[in-house]
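Values below: all heavy atoms of this structure, side chains included; hydrogens, waters and symmetry mates excluded. All figures in this text were calculated on a predicted structure; none of them were measured in a lab.
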Amino acid sequence: MAAPSLKIDLALQGGGAHGAFTWGVLDRLLEEPWLQIEGISGTSAGAMNAAVLAHGYREGGAAGARAALETFWGKVSHAARFSPFQRGPLDVLLGRWTLDHSPLFVMMDMMARLVSPYDANPLGTNPLRSILAETVDFKGLARSTIKLFVTATCVTTGRGRVFRNNEITPDVLLASACLPTMFQAIEIDGAPYWDGGYSGNPTITPLVRECDSEDTILIQINPVERPGTPRSARDILDRLNEVSFNAVLLKELRMIALLRTLAHPEGDEGARWAHMRIHRVASDVMLTLGSSSKLNAEWAFLTMLRDKGRQAADAFLQAHRQDLGKRSSLDLDVLLEGV
């Protein structure tokens, strides 16, 4: 007997090339016709996955969405073939995906702490701009049946802004993925924007307020917990970025956990938050990947992450298929410990 249809929302984290893991998760979830995607909140690479999926879905349903995602990541890899950031021979020989030993990456990493992108890249070029323009019908997104919510951080106010379907352009997606040490701020409506991860990675609020679904599947690519104490300068900075890019998300999830412990009058917005069922798809493979690999766009790396994403989604469905539509499969109560 076919499973009854269920509306779900997706929350997609950012993380550069690691977003190919999310591609794999989406590819697997799109094989389940009973899961009907109502809304997607995404940041950085998560925002690009969201826009590409919505575009493909509008063009050809689930099959169209899967094809669009593969096309997008293929174009990303093709554009990176002549990138100066390539793995060293020893890393290739040992099967390591890191760029930590790439001389040009090391040089760029050092320069990013000393040289402004306004000096290093005065024209503000970004190869993703043309890829997005070729891959996504942005006018069509306004007519998509999937609600999109893309977060970027306003530089002047420090607050996140959520862009919706009819507002999404290549500039909006580039702003959501704009790391300030690598790219010039993206100006939208007269205001400069940086990576949305600083203010919501991703933002859960619009999924709660503007979607009917009570099931949100978080696809997480930035580890919340990482064993051990980082000691090298690079490991310390990498962990600091992970903590800061997860902070707002954890705050929203903690609020859901807290509101579940309180009584709410009928129609109160708090009741809507309290009733949200949260699920998560993640993989320990992310613990093995250093931050530098977020710039590694080799096709072999991207397809490895895609396959890991498919495996993680399959494991999630096997373990929690019966939870969807009934109960949260992610334990949020641990977020209230020590509060």
Side-chain angles (χ1 to χ4, degrees), residues 3 6-15 18 21-22 24-26 28-29 32 34-35 37-43 46 149 151 197 200-209 211-229 239 242-264 268-289 308-339:
L6 176 69
K7 284 185 178 181
I8 61 168
D9 297 326
L10 299 172
L12 312 183
Q13 283 200 318
H18 292 184
F21 172 83
T22 300
V25 175
L26 297 174
R28 177 64 184 88
L29 294 179
E32 299 290 327
W34 64 285
L35 295 178
I37 302 171
E38 181 184 9
I40 310 177
S41 179
T43 296
F149 308 99
T151 302
N201 191 25
T203 306
I204 302 295
T205 301
L207 297 177
V208 178
R209 290 180 172 175
C211 295
D212 294 327
S213 167
E214 294 187 347
D215 285 81
T216 294
I217 300 177
L218 167 65
I219 303 177
Q220 196 160 28
I221 58 179
N222 291 306
V224 172
E225 297 184 7
R226 185 179 288 276
T229 302
R239 184 56 183 156
E242 284 180 346
V243 171
S244 62
F245 272 33
N246 281 325
V248 180
L249 171 65
L250 291 176
K251 183 177 181 180
E252 288 188 303
L253 295 178
R254 187 180 298 114
M255 181 170 66
I256 293 174
L258 180 61
L259 288 171
R260 286 178 179 174
T261 68
L262 306 174
H264 304 279
D268 178 62
E269 183 176 334
R272 173 75 178 145
W273 280 89
H275 292 151
M276 286 299 294
R277 295 181 288 266
I278 306 297
H279 314 275
R280 180 177 64 185
V281 180
S283 172
D284 288 343
V285 70
M286 293 304 169
L287 290 171
T288 70
L289 300 175
K308 292 293 185 182
R310 282 188 56 85
Q311 292 169 15
D314 197 59
F316 166 78
L317 289 170
Q318 290 187 37
H320 300 296
R321 184 184 297 266
Q322 301 304 318
D323 294 325
L324 288 164
K326 297 178 181 178
R327 64 187 71 84
S328 288
S329 59
L330 178 62
D331 182 10
L332 298 181
D333 291 338
V334 296
L335 298 175
L336 297 178
E337 296 175 3
V339 175

Could you pull out the closest heavy-atom pair between [X] and [Y], with the gap in Å?
{"X": "A11", "Y": "P202", "result": "CB-CG, 3.5 Å"}
{"X": "E252", "Y": "I204", "result": "OE1-N, 2.8 Å"}
{"X": "D323", "Y": "H279", "result": "O-CE1, 4.1 Å"}
{"X": "A282", "Y": "F21", "result": "C-CZ, 4.0 Å"}
{"X": "R239", "Y": "V224", "result": "NH2-O, 2.6 Å"}
{"X": "K326", "Y": "R277", "result": "C-CD, 3.4 Å"}

With sequence neighbours left out, the residues meeting ring-ring contact (aromatic ring centres under 6.0 Å, His included) with F316 are H320
Test your reading of the model: is there a side-chain donor-acceptor pair from [X] to the backbone of [Y], 3.5 Å cut-off?
{"X": "T43", "Y": "G197", "result": "no"}
{"X": "Q13", "Y": "N201", "result": "yes"}
{"X": "R226", "Y": "L287", "result": "yes"}
{"X": "D9", "Y": "G39", "result": "yes"}
{"X": "N222", "Y": "E242", "result": "no"}

Among L12, I217, L26, which residue meets the side chain to side chain contact (heavy atoms under 4.5 Å, CB included) test with I40?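 Exactly one candidate clears the test, L12.
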Residues at least two apart in sequence or cross-chain that pass side chain to side chain contact (heavy atoms under 4.5 Å, CB included) with L332, listed by chain then number, are L253, I256, A257, R260, I278, L330, L335
key: side chain to side chain contact (heavy atoms under 4.5 Å, CB included) against M255, all qualifying residues, sequence neighbours excluded   =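 Here the qualifying residues are L259, W273.
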Side chains of [X] and [Y], heavy atoms from C-beta outward: is any pair under 4.5 Å?
{"X": "F149", "Y": "T203", "answer": "no"}
{"X": "L10", "Y": "L29", "answer": "yes"}
{"X": "T205", "Y": "V208", "answer": "no"}

Only one of Q318, Q311, R310 passes side chain to side chain donor-acceptor pair (under 3.5 Å) with D314, and that residue is Q318
If you round to the nearest 0.5 Å, how far is [atom2] of [Y] from [atom1] of [X]?
{"X": "L289", "Y": "H18", "atom1": "CG", "atom2": "NE2", "answer": "4.5 Å"}
{"X": "E38", "Y": "C211", "atom1": "CD", "atom2": "SG", "answer": "4.5 Å"}
{"X": "D333", "Y": "L258", "atom1": "CG", "atom2": "CG", "answer": "10.5 Å"}
{"X": "L324", "Y": "L6", "atom1": "CG", "atom2": "CG", "answer": "6.0 Å"}
{"X": "D215", "Y": "S329", "atom1": "CG", "atom2": "OG", "answer": "8.5 Å"}

Around atom CG of D331, are there more than 12 heavy atoms of other residues, nucleotides or ligands at under 6.0 Å?
yes
Salt-bridge criterion met for R272 and E214 (N-O under 4.0 Å):
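Yes, this pair counts.
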Stepwise, does the side-chain contact (heavy atoms from CB on, under 4.5 Å) test hold for L249 with L218?
CA-CA 10 Å; L249 171 65; L218 167 65; 3.9 Å; yes
